[in-house]
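Have a look at the structure below before the remarks.
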Amino acid sequence: MDKLHEECGVFGIFGHPEAANLTYLGLYALQHRGQESAGIAASDGEQVRVSRDMGYVADVFDSETLAHLAGTAAIGHVRYSTAGESRLTNAQPILIDCNHGQIAICHNGNLVNARELREELVRQGSIFQSGSDTEVILHLYARSRAVGVDEAIVDSISQVQGAFSLALLTRDRLVAVRDPHGFRPLALGRLDNAWVVASETCAMDLIGATYVRDVEPGEVLVVSAAGVRSIKPFPPAPLAHCIFEHVYFARPDSYVFGRSVNEVRTELGRNLAREQPAAADVVVPVPDSGVCAAMGYAEESGISLRMGLIRNHYVGRTFIQPQQSIRHFGVKVKLNPVRSILEGKRVVLVDDSIVRGTTSRKIVRMVRAAGAKEVHVRISCPPTISPCFYGVDTPRKSELIAATHTIDEITQFLEADSVAYLSLEGLLSTVGAERNAYCRSCYTGVYPVEFPRDEATYLQLALKLDKETVAG
Ligand code: SF4
């Protein structure tokens, strides 16, 4: 499907005899945040061991692998690659042994100065194993002259910029870190006497842990046998929580940035109905991404909500197109229209975003082919016009349909009767007083964290924009 992709999910636990098994379950709940690779590192107090591979969590681990990951502390990771291509060396956790001892790292986010740091480290003789920006942190850690593990971790992360929610594991401690802007979520919880950290609270629900609070932006939380120690080593910075977590990435049963995702998403749908009404007979969500917003839209507009598209949940990443001659399956493999709901109806089709527009067009055609009289596309966030540099996989600006087309042109391209988006004000009003704490760069093209080189060069280097677009 034509969606933006969250880069990663992280999980960590300290002080539980079933640490690796619980991490496996936690990753299972976070699978939506990354499907390319999965990994777990565990410590038995003497040694940190790691296991990681390409694929879904359920494919990567079996009881034998988990039994090998002995110990009462563990961290885990699911990955969808953005920085560094998709291959096993980029899978996490990354485990190294250095003069500070063993350390494993899991990272959700993207470092904007990784390239500069990496070039400097390579000049000084560092040898990198992967293309991932996360490895830079480990090199900085290994080279740190700070005395003590906590101090060396603080020293290394003080040199990186951008988005990072981290879970680190040494022989005797779990360390959770969130960048000073708080781009990506990271929650802290308790399970009996154990401490748990996770990208989303849905991972805590699955293992029966209780949410305590968020790891604060700029906080380094060290969990060891001595208890929990909170360090705040960074100068205060403007908050920039990723608003797209609420729009699309996070699971609706999670709380992120202190808010229920389901509540926010439903409210986005209500706002959308107020701002962009349509004379229609049914509201139909694009499953699963548009369901919460469609419920809000239906509730506010009084138009009945019907599941006019059914999703096949069993299409995995390994789905192989049968053969060239019958490749026109396309989106039909994932979605099927319900003719009895759509035939002869004026349909409001609700989704959370349009990226390139190609999938949306196929869905509009599918709804029409099932007999819909009119199709009015309603999107529960503003037009996505600019790439993300903080841990979300976005295509080049030139490929984002809203960056290069007017609403009328998008309507024509999608072959819809009308297309309308929620306004930025409509989006921000759902998070109310907290509005200034959110990043919204993919809707505005204004970035809250400066790039180390001038922006045009950075964007060019990141291969996100075409030359002529950068110059503009
Ligand atoms: S640019 Fe968009 S997707 Fe990226 S962190 Fe900001 S709000 Fe999230």
Side-chain angles (χ1 to χ4, degrees), residues 1-10 32-34 80-83 107-114 133 160-166 178-186 199-200 214 217-218 237-251 254 256-259 261 264-265 268 289 293 351-356 379-397 399-403 421-431 434-451 455 458-459 462-465 469:
M1 300 292 265
D2 184 26
K3 292 286 177 197
L4 301 186
H5 293 276
E6 176 65 69
E7 189 179 352
C8 300
V10 302
H32 61 289
R33 296 182 73 87
Y80 181 95
S81 63
T82 59
H107 174 200
N108 176 205
N110 191 49
L111 307 179
V112 298
N113 66 337
D133 58 335
V160 298
Q161 294 163 18
F164 50 92
S165 282
L166 306 173
R178 210 162 151 222
D179 70 72
H181 302 277
F183 275 104
R184 314 245 70 88
L186 192 60
S199 292
E200 289 181 38
D214 281 0
L239 293 178
H241 305 323
C242 171
I243 205 156
F244 223 89
E245 293 279 353
H246 278 307
V247 172
Y248 171 62
F249 298 135
R251 257 175 49 167
S254 286
V256 297
F257 311 129
R259 300 286 304 268
V261 176
V264 170
R265 236 167 250 180
L268 292 177
S289 52
D351 204 355
D352 59 3
S353 55
I354 302 176
V355 182
R356 294 178 181 83
I379 303 299
S380 62
C381 72
T384 309
I385 58 159
S386 217
C388 174
F389 298 95
Y390 310 124
V392 172
D393 183 39
T394 23
R396 293 163 186 234
K397 184 160 180 141
E399 294 174 73
L400 294 169
I401 191 168
Y421 293 81
L422 183 66
S423 66
L424 186 58
E425 180 53 37
L427 173 62
L428 294 174
S429 68
T430 58
V431 290
E434 298 281 300
R435 57 168 54 211
N436 291 329
Y438 279 87
C439 173
R440 71 288 298 259
S441 301
C442 45
Y443 307 122
T444 62
V446 178
Y447 293 93
V449 175
E450 286 179 15
F451 303 114
E455 188 170 322
Y458 181 79
L459 299 180
L463 294 177
K464 293 283 186 182
L465 296 183
T469 322

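All ligand and atom numbering here is 1-based and tracks the order in the structure.
At a cut-off of 2.8 Å, Cys442 is not counted among the residues with an N, O or S atom near atom 4 (Fe) of ligand 1. Note on Cys439: counted as a metal contact of atom 6 (Fe) of ligand 1, an N/O/S atom lying under 2.8 Å.
Using cut-offs of 30° and 60° for the angle between ring planes, the His181 and Phe183 rings count as tilted.
A donor-acceptor pair is defined here as one N or O able to donate and one able to accept, closer than 3.5 Å; no such pair exists between the side chain of Arg184 and the backbone of His107.
A distance of 9.5 Å separates OH of Tyr438 from CG of Leu427, quoted to the nearest 0.5 Å. Taking OH of Tyr248 as the reference point, atom SG of Cys242 lies at 12.5 Å (rounded to 0.5 Å).
Closest heavy-atom approach to atom 3 (S) of ligand 1 within the set Cys242, Ala163, Gly445: this belongs to Cys242.
Remark: ligand 1 atoms within the under-4.0 Å shell around heavy atoms of Ile243 are 7 (S). Near Val392, with a cut-off below 4.0 Å to any heavy atom, the atoms of ligand 1 are 3 (S).
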What verdict does the side-chain hydrogen bond (donor to acceptor under 3.5 Å, both in side chains) test give for His241 and Glu434, after you've listed the backbone C-alpha separation in whole Å, the side-chain angles of each residue and the deciding distance to 0.1 Å?
CA-CA 10 Å; His241 305 323; Glu434 298 281 300; 5.2 Å; no
